[in-house]
2 protein chains.
Amino acid sequence: MPNIKDVAKKAGVGIATVSRVINDSGYVKKETREKIEKVIKEISYVPNEIARSMTRQRNDIVAFILPNSTHLFFGELLYFVEEELYKYGYKVMICNSSEKIEKEIVYLDMLKNNRVDAVILLTNNDIDQYLDKKLPLLSFDRRFDGVPFVASDNYEGGVLAAKRLIEQGCKKMMFIGDDAQGDSTPVMTEVTKRRLGFLDYIKEKGYPEMINIEYPLGDYIHIPENIHKIINEHPEIDGIFTISDAVACDVIKELENNGRRVPEDVKVIGFDGGRSFLNLGKKITSIGQSPKLIAEAIRRSIINFYKKEEIENQIIPVYFQEGETA
Amino acid sequence: MPNIKDVAKKAGVGIATVSRVINDSGYVKKETREKIEKVIKEISYVPNEIARSMTRQRNDIVAFILPNSTHLFFGELLYFVEEELYKYGYKVMICNSSEKIEKEIVYLDMLKNNRVDAVILLTNNDIDQYLDKKLPLLSFDRRFDGVPFVASDNYEGGVLAAKRLIEQGCKKMMFIGDDAQGDSTPVMTEVTKRRLGFLDYIKEKGYPEMINIEYPLGDYIHIPENIHKIINEHPEIDGIFTISDAVACDVIKELENNGRRVPEDVKVIGFDGGRSFLNLGKKITSIGQSPKLIAEAIRRSIINFYKKEEIENQIIPVYFQEGETA
DNA sequence: GAAAAATGTGGAAACGGTTTTACATGTTTC
DNA sequence: GAAACATGTAAAACCGTTTCCACATTTTTC
């Protein structure tokens with residue numbers, strides 16, 4: 001493959017001149033420029049970005065560590081992040097952790113070696129100690145010490161869900177979700193705030209304290225038996241708010257399998273704002289997060305990384321998404 | 001950030017020796033090795049992968065150009081490709097083209113500059129002329145001249161669908177899908193074979209020739225009105241095979257909106273084998289592609305790229321996936 | 001016990017660019 | 001006519017590695 005020297009030799013100029021043409025910097029005579037451009041085409045020279053990034057000390061690559069790009073919301077977020085960063089000349093490296101802390105750690109190491117320009121972190125694991133704070137880290141929906149973050153307004157999401165259920169006449173409400181409270185080192189995730197917003201609003205309005213159910217979601221393979229048990233232990237429940245649409249879906253199926261109608265007998269609200277493509281059934285009522293707004297926020301932070309500016313945490317609004325289950 | 005020279009100086013050895021320790025190559029005395037390893041830890045040195053890839057002439061990065069990682073099947077394929085390549089030390093760069101040829105071309109250029117080790121191409125656009133055949137290209141479900149490919153056994157998929165519909169007593173069958181036949185430069189995509197397999201089998205069994213409907217899917221935003229029209233113009237149809245589960249979903253919805261029961265009145269078979277997470281309704285009967293097997297095939301080809309071995313095209317089996325719509 | 005082989009080490013070139021420095025022209029300006 | 005400035009080039013230094021080669025030391029072999 002031809003390099004810059006080949007171009008220079010063939011055009012009869014110095015490599016600096018070629019470099020100036022490529023980078024459109026400094027003074028180059030018009031004829032010289034044209035001659036060089038012609039040679040570049042002729043021998044189909046392409047600058048080696050690897051060599052370039054060595055001296056430039058950046059490579060325009062951003063890594064996104066997330067549990068699973070197959071999960072609908074994460075997948076959409078990934079899509080918008082890629083689209084948004086593309087506009088600004090960045091490429092996105094995808095790192096599926098499958099929620100496994102070991103894979104996250106390996107990736108974090110790899111990325112350090114690769115000198116990526118930024119790492120977007122989406123995890124529920126307690127990896128604080130493995131985070132090299134000198135790395136350009138950015139987290140979504142999670143606070144780590146010294147790491148700027150972007151998050152949905154999860155608390156408000158919980159409030160919106162509670163409001164709706166109460167409006168619809170619910171009296172006994174329940175939250176179903178796993179927000180990593182069971183870990184040996186409990187961390188207050190952003191996601192926990194969904195539950196808190198929900199709880200606070202219900203308390204404020206004088207309704208009976210909700211029942212808080214946590215169960216291990218594991219690797220996004222939901223366990224219907226688990227939900228079955230929960231539902232049957234609490235037949236008085238008439239309103240359910242779940243941690244995600246995926247869980248809501250399992251809950252609704254299980255309710256209907258047990259002869260409880262949704263939304264007539266029990267109302268169910270999910271979280272994420274699922275734009276399901278293959279849904280032949282009811283549309284899930286949900287609290288929506290906007291992957292597009294989140295992606296824009298992430299992009300803003302990453303641009304600021306580059307400018308070495310102070311990076312502010314950003315909270316992105318959520319919205320109530322009408323559906324047929326609450 | 002410390003570099004290899006800093007390590008060499010601090011350890012009182014030459015950089016070549018440090019390199020040997022890092023890469024575990026050549027001869028190094030045990031004590032020398034230990035001393036160097038100690039220094040590496042002390043100054044927390046990490047090798048710069050960018051510089052490394054310059055001399056190694058490879059960077060262990062594979063790019064995946066695909067229309068949209070949000071599309072369920074593509075998303076799953078991406079997930080498995082990432083997982084599979086991760087095992088072999090590769091990182092995956094994701095490039096959503098949104099089906100836009102311009103974005104594909106820009107990405108192809110970018111990737112050439114970045115000297116990625118391989119480019120996985122998943123596209124329906126006619127980009128043959130823009131493909132630099134010197135690049136380590138690999139395509140999925142699409143044949144380009146001189147580019148090795150991996151594809152599902154699409155023809156067999158069509159056959160399986162036809163078989164099932166006939167078994168279920170269908171007499172008038174229809175194919176719905178857009179396989180880029182309308183383009184100015186018609187290309188025979190792998191996907192077209194789904195239709196051909198379907199058609200051939202129906203003909204062979206002496207059933208009336210199926211009606212072949214093509215409509216523009218556009219950017220994966222399906223147009224219900226379009227489907228509405230198709231369905232009402234052909235009320236005699238009792239069996240439908242669609243290009244994907246996503247289209248099948250739209251078709252089923254539209255059929256039911258028009259008072260035709262699925263599968264009682266019309267049977268519908270999709271393609272992809274949709275593992276929908278948020279589906280509260282019927283499970284779509286489908287011809288399944290295995291993203292895992294495909295990912296493994298892709299990985300095999302990529303490994304062979306590296307070994308400079310001849311790369312064979314690979315056809316991956318499809319399977320019938322039982323559902324509730326046919 | 002000398003030659004041959006194995007082991008151990010460092011300097012320098014190479015990878016393919018960017019940036020800096022030094023210098024050579026040509027054009028104004030006073 | 002010399003100083004100041006603009007325009008352009010060549011050569012060298014640098015980025016952080018790997019690799020080749022030369023050389024030194026130790027161990028094995030006959």
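Here is the naming used below: chain letters follow the sequence lines, and residue numbers restart at 1 for every chain.
Considering only side-chain N and O atoms, Y27(A) lies nowhere under 4.0 angstrom from the phosphate OP1 or OP2 of dG8(D). For the OP1/OP2 pair of dT18(C) and a distance below 4.0 Å, the side-chain nitrogens and oxygens of Q57(A) include no atom meeting the criterion.
Here R299(A) pairs with E84(A) under the salt bridge (Lys or Arg N to Asp or Glu O under 4.0 Å) rule; sequence neighbours left out. Taking K9(B) as the reference, nothing meets the side chain to side chain contact (heavy atoms under 4.5 Å, CB included) condition, with sequence neighbours excluded. For the salt bridge (Lys or Arg N to Asp or Glu O under 4.0 Å) test, residues two or more places apart in sequence or in another chain that qualify with D132(A) are K112(A). Legend: residues meeting salt bridge (Lys or Arg N to Asp or Glu O under 4.0 Å) with D24(A), ordered by chain and number and at least two apart, are R33(A). Applying the salt bridge (Lys or Arg N to Asp or Glu O under 4.0 Å) criterion to D109(B), with sequence neighbours excluded, gives no partner residue.
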Atom pairs and distances, donor-acceptor, side-chain atoms in residues 37-58 of chain A, under 3.5 Å, two or more places apart:
residue: N48(A); atom: OD1; partner: I50(A); partner atom: N; Å: 2.8
residue: N48(A); atom: OD1; partner: A51(A); partner atom: N; Å: 3.2
residue: R52(A); atom: NH2; partner: N23(A); partner atom: OD1; Å: 2.6
residue: S53(A); atom: OG; partner: E49(A); partner atom: O; Å: 3.0
residue: S53(A); atom: OG; partner: I50(A); partner atom: O; Å: 2.9
residue: T55(A); atom: OG1; partner: R52(A); partner atom: O; Å: 3.3
residue: R56(A); atom: NH2; partner: D60(A); partner atom: OD2; Å: 3.0
residue: R58(A); atom: NH1; partner: Y306(A); partner atom: OH; Å: 3.1
residue: R58(A); atom: NH2; partner: D60(A); partner atom: OD1; Å: 2.7

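Residue pairs meeting the ring pair (Phe, Tyr, Trp, His ring centres under 6.0 Å) criterion with at least one partner in residues 97-124 of chain A, sequence neighbours excluded, are Y107(A)-Y86(B). Counting only residues at least two apart or in different chains, ring pair (Phe, Tyr, Trp, His ring centres under 6.0 Å) contacts with residues 7-40 of chain B are absent. Every pair tested for ring pair (Phe, Tyr, Trp, His ring centres under 6.0 Å) that includes a residue from residues 130-154 of chain B fails, sequence neighbours excluded, so the list is empty.
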Can you check each nucleotide of nucleotides 23-28 of chain D against protein heavy atoms at under 4.0 Å and return B for base, S for sugar-phosphate only, - for none, in 5' to 3' order? ------
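Within a heavy-atom distance below 4.0 Å of DNA chain D, the residues of residues 4-21 of chain B found are I4(B), I15(B), A16(B), S19(B). Within residues 32-54 of chain B, the residues having any heavy atom closer than 4.0 Å to DNA chain D are, in order of number, Y45(B), V46(B), P47(B), N48(B), A51(B), R52(B), M54(B).
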